[in-house]
Amino acid sequence: MGLKIVYPICCGIDVHKTFVVACIASTNSKGVTTYKRHRFSTFTKGLIELSQWLCEHDCKAVCMESTGKYWIPVFNVLEHSCNITLAHPKYVKAIRGKKTDKKDAQWIADLFKHDLVAGSFMPPLPIRQLRDLMRYRFKLTNFASSEKNRLQNSLTVSNIQLGNVVSDTFGKSSMNIIDKLLDDPLNTSFDIESLIHGSLKKKLPELELAIQGLITPEQAGKIKVIKEHYEDLESRKADLEAIILSLAESYSDEINLILTVPSFKNLFSAIAVVSEIGVNMDVFPTAKHLCSWAGLTPTNNESAGKKKSVRISRAGCYIKPLLVQCATAVVKSEKHPEIRNRYLQLKKRRGHKRAIIAIARMLLTAIYHILKNKEPYNAELYKKSDVLSVDREITVEQAIIIAKAQGYRILQIAT
């Protein structure tokens with residue numbers, strides 16, 4: 001018995017930088033498949049010709065692999081006329097040694113016609129645009145952090161120990177002192193009191209000692225460049241955030257619901273979650289599917305009855321660090337005992353890292369149900385689930401196992 005033909009007419013597309021190879025697989029009622037191949041340019045004109053070619057052959061089901069960023073223009077052109085399944089390259093890679101561009105496209109079509117390709121999650125266009133902007137904001141934040149570290153390193157090299165006295169080297173008072181040092185690097189005997197504010201006036205003697213370093217003209221020039229670059233990055237980041245906020249207005253209800261989740265106090269953290277998973281949770285059958293997509297579930301790796309490594313996957317490279325950061329913050333607070341107690345229980349048995357991943361999954365599961373049911377976060381639901389039934393029974397052997405797991409030594413008393 002052969003595999004069932006799910007898509008009688010479908011197309012596999014092998015995407016490259018300058019061209020794409022499309023192969024239409026048409027299967028008749030007798031199960032015989034014929035193939036039609038064509039090569040198209042990746043210029044917009046060529047992609048429009050590809051769309052017309054697919055319409056001429058009445059092909060609505062298309063499958064292509066996500067190759068770098070090259071698939072995005074193809075997806076944008078075909079999105080409105082075809083049902084596109086975007087596949088991870090590892091699921092559609094052909095056998096090594098039997099690969100050509102034409103064979104790759106046919107291989108994708110053969111797999112897809114039997115519905116053997118797992119499609120990637122593709123949110124609507126507005127969500128994809130918001131995702132692109134949020135990921136760029138993440139990059140700008142990293143660039144700005146790098147520049148702050150460079151400036152701090154330059155001060156350390158020059159033996160300017162402001163970081164040991166002030167809590168924030170980039171605070172208003174600290175930056176006033178740095179600007180004064182850069183105006184005349186060889187003069188460190190200026191009046192500091194007029195440059196500082198608030199509680200720092202109590203640390204005036206320490207500040208005078210902290211600035212008694214030696215800034216060379218070369219280091220002063222480098223610090224000026226770093227400072228200007230950092231300020232420019234912050235300015236560009238502010239411009240980008242204005243665009244993000246205007247685009248996120250249409251999802252204000254969902255964002256406000258996410259802000260009810262513990263540790264989600266920053267507006268841009270909630271927007272980042274929406275940009276990654278969207279607002280329609282119907283695309284994920286269960287919360288477990290969403291957590292698996294985000295890379296927060298153990299992998300299945302079993303052979304010959306033996307379980308091997310069950311480490312989490314590398315998926316969710318943007319949403320997973322955000323959830324882990326939020327999880328790390330919430331377990332330190334006693335305002336949410338339903339989460340903190342769960343963390344402490346897991347930490348005893350599995351360690352800090354695995355416990356944090358479990359809490360991150362807990363937060364994402366809560367977000368899934370919040371967006372699906374359109375209800376705010378409710379901690380009482382966790383408290384009800386923690387109540388143990390009074391009718392539970394265990395055997396003596398099970399009780400011994402539980403006692404050993406808690407660290408007890410079992411003694412047998414003779415009667």
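Just so it is clear, the model here is predicted, and its values are computed rather than measured.
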Counting C-beta onward and ignoring hydrogens, is there a side-chain heavy-atom pair between K308 and S303 closer than 4.5 Å? yes
Among residues at least two apart in sequence or on other chains, which ones pass ring pair (Phe, Tyr, Trp, His ring centres under 6.0 Å) with Y70? none
Here the salt bridge (Lys or Arg N to Asp or Glu O under 4.0 Å) pairs for residues 233-256, sequence neighbours left out, are R137-E241, D232-R236, R236-D239, E254-K374
Under 3.5 Å, side chain of T42 to main-chain N/O of T18, donor-acceptor pair present? yes
Assess whether a salt bridge exists between E276 and K320, defined as any Lys/Arg side-chain N lying under 4.0 Å from an Asp/Glu carboxylate O. no
Does the N176 side chain pair with the main chain of L195, one donor and one acceptor, at a distance under 3.5 Å? yes
List for me each residue that meets side chain to side chain donor-acceptor pair (under 3.5 Å) alongside R354, sequence neighbours excluded, and say none if there are none. none
Any sub-3.5 Å donor-acceptor pair from N76's side-chain atoms to I72's backbone N or O? yes
Give, for atom CG of L245 and atom CG of L240, the distance between the pair rounded to the nearest 0.5 Å. 9.5 Å
Can you tell me which residue among D282, T286, N280 is in a side chain to side chain donor-acceptor pair (under 3.5 Å) with K372? D282
Ignoring hydrogens and geometry, is there a side-chain-to-backbone donor-acceptor pair from R37 to C23 under 3.5 Å? no
Would the number of heavy atoms belonging to other residues, nucleotides or ligands and lying under 6.0 Å from NZ of K102 be above 12? no
Between I13 and I108, is a side-chain contact (heavy atoms from CB on, under 4.5 Å) present by the stated rule, with each step listed? CA-CA 7 Å; I13 300 179; I108 295 172; over 6 Å; no
Residue pair K227, E231: steps toward the salt bridge (Lys or Arg N to Asp or Glu O under 4.0 Å) verdict: CA-CA 6 Å; K227 183 173 175 292; E231 292 172 350; 2.8 Å; yes
Rounded to the nearest 0.5 Å, how far apart are CD1 of I359 and CZ of R342? 7.0 Å
Please check if atom CH2 in W293 has more than 12 non-hydrogen atoms from other residues, nucleotides or ligands closer than 6.0 Å. yes
Would K36 and E56 satisfy salt bridge (Lys or Arg N to Asp or Glu O under 4.0 Å), going step by step from the backbone distance to the final call? CA-CA 12 Å; K36 297 177 183 176; E56 290 172 1; over 6 Å; no
Which distance, rounded to the nearest 0.5 Å, do you find between the CD1 of I226 and the CZ of R150? 7.0 Å
Hey, could you give me each pair passing ring-ring contact (aromatic ring centres under 6.0 Å, His included) that has a residue in residues 131-171? Not counting sequence neighbours. F138-Y318, F170-Y230
State, yes or no, whether a side-chain contact exists between D168 and S174 at a heavy-atom distance under 4.5 Å. no
For the residue pair F284 and Y368, what are the closest heavy atoms and their distance? O-OH, 3.0 Å
Would you call D115 and K4 a salt bridge, using N to O less than 4.0 angstrom? no
Test I258 against L371 for side-chain contact (heavy atoms from CB on, under 4.5 Å), laying out the working first. CA-CA 8 Å; I258 294 175; L371 293 178; 4.2 Å; yes
Determine whether H16 and D104 satisfy the following criterion, side-chain contact (heavy atoms from CB on, under 4.5 Å), listing intermediate values before the conclusion. CA-CA 11 Å; H16 299 275; D104 282 347; 5.6 Å; no
Here the pair of heavy atoms bringing A105 nearest to A22 is CB-C, 4.5 Å
Which value, rounded to the nearest 0.5 Å, describes the distance between I356 atom CD1 and L296 atom CG? 12.0 Å
Between S275 and A272 (side chain of the first, backbone of the second, donor and acceptor by atom type, cut-off under 3.5 Å), is there such a pair? yes
Take atom CG in N28; do more than 12 heavy atoms of anything else shown fall under 6.0 Å from it? yes
OH of Y35: more than 12 outside heavy atoms within 6.0 angstrom? yes
For H57, all residues meeting ring pair (Phe, Tyr, Trp, His ring centres under 6.0 Å), sequence neighbours excluded: W53
Answer yes or no: is there a donor N or O on one side and an acceptor on the other, between the side chain of T299 and the main chain of R311, under 3.5 Å? yes
Using only atom types and a distance under 3.5 Å, with no angle test, would you say the side chain of S173 pairs donor to acceptor with the backbone of I196? no
Are any side-chain N or O atoms of S158 and backbone N or O atoms of I215, one a donor and one an acceptor, separated by less than 3.5 Å? no
Heavy-atom pair with the smallest gap, counting every atom of V77 and S51: CG1-CB, 4.4 Å
Would you say CZ of R135 has more than 12 non-hydrogen atoms from neighbouring residues, nucleotides or ligands within 6.0 angstrom? yes
Contact list for residues 246-270, test ring-ring contact (aromatic ring centres under 6.0 Å, His included), sequence neighbours left out: none
Are any side-chain N or O atoms of T260 and backbone N or O atoms of Y377, one a donor and one an acceptor, separated by less than 3.5 Å? yes
Determine whether H114 and I5 make a side-chain contact, defined as any pair of heavy atoms from C-beta on separated by less than 4.5 Å. yes
side-chain contact (heavy atoms from CB on, under 4.5 Å) assessment of T297 paired with K288: CA-CA 8 Å; T297 56; K288 291 182 179 180; 5.9 Å; no
Test your reading of the model: is there a side-chain donor-acceptor pair from S146 to the backbone of N142, 3.5 Å cut-off? yes
Partner of K222 by side chain to side chain contact (heavy atoms under 4.5 Å, CB included), out of Q219, E218, K224: Q219
Measuring from atom CD1 of I223 to atom OG1 of T216, what distance do you get when rounded to the nearest 0.5 angstrom? 8.0 Å
Roughly how far, to the nearest 0.5 Å, is the CE atom of M122 from the CD1 atom of I127? 12.0 Å
Any salt bridge linking D110 with K113? Criterion: basic side-chain nitrogen under 4.0 Å from a carboxylate oxygen. yes
Take atom CD in E334; do more than 12 heavy atoms of anything else shown fall under 6.0 Å from it? no
